[in-house]
Amino acid sequence: MSGTTQGGATRSAQARSETTAAVPNGTSNGSAQSGSAPADSAQADAQTASSRFTVPDGAVLTLLGSRDENLRLAEDLLAADVHVRGNEVTLSGAPADVAFAERVFAELVTLAGRGQQVGPDTVRRTVAMLSAGTAESPAEVLSLDILSRRGRTIRPKTLNQKRYVDAIDAHTIVFGIGPAGTGKTYLAMAKAVQSLQAKQVSRIILTRPAVEAGERLGFLPGTLYEKIDPYLRPLYDALHDMIDPDSIPRLMQAGTIEVAPLAYMRGRAQPYDAQVLTPDGYRPIGSLQVGDLVIGSNGRPTPVLGIYPRGVRDVYRVTTQDGASTVCCGEHLWTVQTPEDRRAGTARTIETREMIGRLRRGWIRRYELPLVEPVELVPQDVPIDPYALGLLLGDGCLATATTPSFATADPELADALQAAFSGIGLRHKAPYDYVPRHPDGGRGGLRIANPVTVAVRELGLAGTRSSTKFVPEPYLLNSASVRLAVLQGLLDTDGGPVSQRGHTCRVQYSTTSSRLRDDVIFLVRSLGGVAYWRTRVAEGRPPGKARGGDVAHCHDSYVLEIRLPESAPPFRLARKQAAYQAMGGGRPMRFVDSIEHIGQQDTLCIQVAAADSLYVTDDFLVTHNTLNDAFIILDEAQNTTPEQMKMFLTRLGFGSKIVVTGDVTQVDLPGGQRSGLRIVREILGGIDDVNFSTLTSQDVVRHQLVGDIVDAYERWQNQQDALEVGNDTRSAGNGNRRRGR
């Protein structure tokens with residue numbers, strides 16, 4: 001081979017004639033020499049070819065490299081001779097060698113022409129790709145930009161890396177399997193940052209199994225993050241290469257980037273006795289089975305896809321400012337909005353432990369939770385019109401010693417009650433007293449039971465007084481329209497709008513029944529609202545008035561402050577409705593108020609099919625524990641057990657992508673445990689949208705010696721395996737001979 005320096009000085013390993021004629025387009029299939037040459041010389045010239053082409057002026061220096069290092073490497077790797085004079089390159093040698101060298105230089109010139117740096121590594125990889133006979137163009141492979149930061153561009157450097165990156169774009173779950181140094185994690189991290197910047201995902205989650213400490217980190221000194229930091233350092237290092245280091249703490253604090261060991265990802269769970277709302281009412285989460293229906297954040301049923309026991313864990317009681325609360329572990333997920341999120345029209349998903357100690361910013365609560373939309377429970381028939389029942393619970397006498405009666409100063413309510421009692425008249429007995437009567441109740445000496453009395457007894461309300469009234473279960477666990485009608489009846493009688501200058505209108509309701517108080521709160525929350533309550537104790541309160549006389553307060557009074565969404569108007573009574581609409585009802589809001597550690601409990605988590613993975617737990621709190629709109633990377637996956645691998649993969653939520661990386665030749669699991677990465681291909685190999693990308697020692701992008709080391713170990717392992725097979729065969733043969741004797 002021969003080449004030239006940039007100044008044009010020629011080096012030649014073999015003297016060649018200067019009269020070589022080039023064919024059109026700069027190539028020739030042979031060499032023509034003048035004069036009569038010996039026959040053997042003519043035959044040799046017939047077996048040689050040459051090619052000449054011009055490199056654009058702007059690409060010459062990039063192509064040749066610093067001190068001609070690219071040219072010298074090309075001479076070593078190519079069988080054809082290379083001559084460079086100025087910006088003209090001449091190739092000579094066997095036709096096949098010249099043709100191959102032409103392809104190599106064409107790819108290098110394309111890269112140089114695109115302004116990319118061409119170094120010895122680029123030359124080496126271009127030759128390797130073309131030698132492998134692949135259909136892909138090395139220039140296309142090596143010019144696929146993923147990220148650029150501070151003049152540095154991250155791109156695949158081998159064909160397998162290009163296929164790996166393409167698989168991440170095309171599939172939801174991708175396994176990158178190969179030896180160390182092949183860029184599995186680094187490229188996955190680059191794609192994650194690219195997806196975050198393009199707003200294709202809302203967060204990045206990076207995790208590794210911390211088997212080096214047996215996932216028992218308690219004996220190490222320092223905080224949790226100080227303990228796990230050594231095992232996650234490679235992920236941090238890659239992250240710092242791709243994102244401004246100053247912004248990383250802010251992104252991690254906001255939950256946009258989460259870095260955690262696998263052991264701390266699996267705990268998103270609640271205790272077995274935590275309540276989950278189903279179409280038939282609340283059930284303990286521990287009683288659910290796959291296929292059961294639970295209520296999602298849109299108020300509609302969604303099936304349970306998976307149930308995963310999580311063992312005994314530290315649990316916390318999360319309480320909101322309206323008194324709602326539930327119990328969950330520290331890693332349980334919540335979708336929240338901060339003031340910044342509300343201004344940007346976005347939301348974030350964070351863990352319970354991330355909110356501890358950060359619930360307030362001054363006097364402002366930081367984390368707002370989403371409210372469930374009006375819940376659709378299973379409809380069922382009821383004996384009394386729901387609005388009429390609400391009126392009777394508010395201003396009715398249900399003692400049933402006589403026919404139930406109704407007292408009101410609003411004729412509009414009396415007319416509404418009359419209209420609701422189909423086939424039953426409402427007799428006006430006194431200025432404010434009304435009694436429902438059956439038109440044929442006493443005719444001809446035949447006594448017919450009053451249907452209202454019968455219904456009141458069926459519902460268990462007979463004999464209840466103001467301090468013991470309640471909403472019967474068939475009305476609580478019914479359609480949204482039934483529940484709203486009951487609530488409107490209660491508010492039209494014992495509730496009312498309360499307005500303040502410069503504020504929206506809230507609804508106030510009072511009752512002396514603690515059970516009715518709780519039922520009203522249930523109705524409000526089930527319709528997407530919030531309700532606060534306080535107690536006005538009876539003792540020491542000024543007496544009320546009845547017919548001009550003092551009447552002592554016998555029972556404490558409960559005052560509720562209610563906010564309802566626009567879809568749930570609180571009143572039907574015209575005067576109350578007008579006052580409420582004049583000021584507007586405002587927007588119901590629910591904020592996290594406190595998080596308290598309450599001990600340890602046995603826990604489990606569920607996965608639901610809802611598009612946002614949200615479900616409704618205690619007190620109509622909306623929560624979830626799968627990972628939506630996230631780019632999730634599991635690194636060093638060879639150190640996961642099959643159970644851990646299943647747990648991790650089933651955390652996948654909607655709009656998310658998972659990349660799993662690992663090297664099956666470096667399993668560090670203790671006690672001979674099986675690697676989940678070794679068997680996952682057998683389990684998931686035939687599933688669509690799951691891809692397995694394999695990288696080899698040829699894809700090592702670290703020092704070239706790393707690839708040689710990987711190959712050496714692989715050859716040694718193959719020899720050991722062959723020796724073991726041979727020893728087993730000889731042992732079996734010796735055993736057969738002994739038995740033959």
Side-chain angles (χ1 to χ4, degrees), residues 136 141 144 146 156 159-178 182-207 258 262 265-266 268 290-291 296 302-308 333 349 605-614 624-638 640-664 675-695 699:
E136 291 88 345
V141 173
L144 177 63
I146 301 175
L159 180 58
N160 283 338
Q161 286 189 351
K162 167 72 162 47
R163 292 171 176 170
Y164 173 52
V165 169
D166 290 342
I168 293 175
D169 287 330
H171 297 83
T172 300
I173 298 178
V174 175
F175 291 84
I177 302 173
T182 52
K184 305 181 299 294
T185 305
Y186 200 81
L187 289 173
M189 184 80 74
K191 292 299 294 182
V193 174
Q194 181 192 50
S195 298
L196 182 66
Q197 293 177 347
K199 299 188 183 303
Q200 296 172 345
V201 297
S202 60
R203 63 194 307 231
I204 297 174
I205 299 174
L206 312 171
T207 184
E258 176 184 348
L262 185 62
M265 283 193 64
R266 64 187 176 195
R268 295 168 161 91
V290 173
T302 181
V304 175
L305 299 180
I307 298 175
Y308 311 103
L333 292 174
T349 301
C605 77
I606 63 173
Q607 181 184 10
V608 300
D612 56 8
S613 292
L614 298 173
H624 73 73
N625 50 22
T626 53
L627 304 169
N628 289 332
D629 300 318
F631 197 113
I632 313 157
I633 300 174
L634 172 59
D635 190 32
E636 298 291 340
Q638 73 274 8
T640 61
T641 64
E643 294 76 17
Q644 288 175 324
M645 181 67 74
K646 177 183 176 182
M647 177 276 298
F648 172 77
L649 294 176
T650 54
R651 308 307 301 168
L652 177 69
F654 290 91
S656 293
K657 190 179 290 287
I658 285 179
V659 179
V660 180
T661 66
D663 179 2
V664 293
S675 168
L677 188 61
R678 287 184 182 273
I679 66 173
V680 70
R681 189 192 292 263
E682 303 173 17
I683 300 171
L684 304 181
I687 296 181
D688 293 337
D689 211 18
V690 176
N691 176 269
F692 290 85
S693 295
T694 302
L695 296 97
D699 302 300

Shortest non-hydrogen separation from [X] to [Y] and the atoms involved:
| X | Y | answer |
| --- | --- | --- |
| Gly662 | Leu677 | CA-CD2, 3.6 Å |
| Gln194 | Ile146 | NE2-O, 3.3 Å |
| Ala167 | Ser693 | CB-OG, 3.8 Å |
| Lys162 | Pro156 | N-CB, 3.6 Å |
| Val608 | Thr302 | CB-CG2, 4.2 Å |
| Ile633 | Ala192 | CD1-CB, 4.1 Å |

Hey, does [Y] have a side-chain heavy atom less than 4.5 Å from the side chain of [X]?
| X | Y | answer |
| --- | --- | --- |
| Leu634 | Leu649 | no |
| Met189 | Leu206 | yes |
| Ile204 | Ser195 | no |

Spacing of Ile205 atom CD1 and Ile632 atom CD1 [to the nearest 0.5 Å]: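 With rounding to 0.5 Å, CD1 (Ile205) is 5.0 Å from CD1 (Ile632).
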Spacing of Ile658 atom CD1 and Ile168 atom CD1 [to the nearest 0.5 Å]: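 Rounded to the nearest 0.5 Å, the CD1-CD1 separation comes out at 12.5 Å.
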The single option from Arg163, Lys657, Lys191 passing salt bridge (Lys or Arg N to Asp or Glu O under 4.0 Å) against Asp169: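 Result: among Arg163, Lys657, Lys191, Lys191 is the only option passing the salt bridge (Lys or Arg N to Asp or Glu O under 4.0 Å) with Asp169.
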Main-chain N/O of Asp663 paired with Gln638 side-chain donor or acceptor, under 3.5 Å: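 Yes.
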Thr661 side chain to Gly176 backbone, donor-acceptor under 3.5 Å: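 A pair under 3.5 Å: no.
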Listed partners of Lys184 passing salt bridge (Lys or Arg N to Asp or Glu O under 4.0 Å), at least two apart: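 If we apply the salt bridge (Lys or Arg N to Asp or Glu O under 4.0 Å) test to Lys184, skipping adjacent residues, there are no hits.
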Of Phe648, Phe692, Tyr164, the residue whose pairing with Phe175 passes ring-ring contact (aromatic ring centres under 6.0 Å, His included):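 The single option meeting the ring-ring contact (aromatic ring centres under 6.0 Å, His included) with Phe175 is Phe692.
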Val664 and Ser675: CA distance, side-chain angles, deciding distance, side-chain contact (heavy atoms from CB on, under 4.5 Å) verdict: CA-CA 8 Å; Val664 293; Ser675 168; 5.5 Å; no
Less than 3.5 Å apart, which donor and acceptor atoms pair up between the side chains of residues 681-688 and the rest of the protein, not counting sequence neighbours?
| from | atom 1 | to | atom 2 | distance (Å) |
| --- | --- | --- | --- | --- |
| Arg681 | NH2 | Thr694 | OG1 | 3.4 |

ring-ring contact (aromatic ring centres under 6.0 Å, His included) involving Phe631 - partner list, sequence neighbours excluded: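 Partners of Phe631 under the ring-ring contact (aromatic ring centres under 6.0 Å, His included) test: none.
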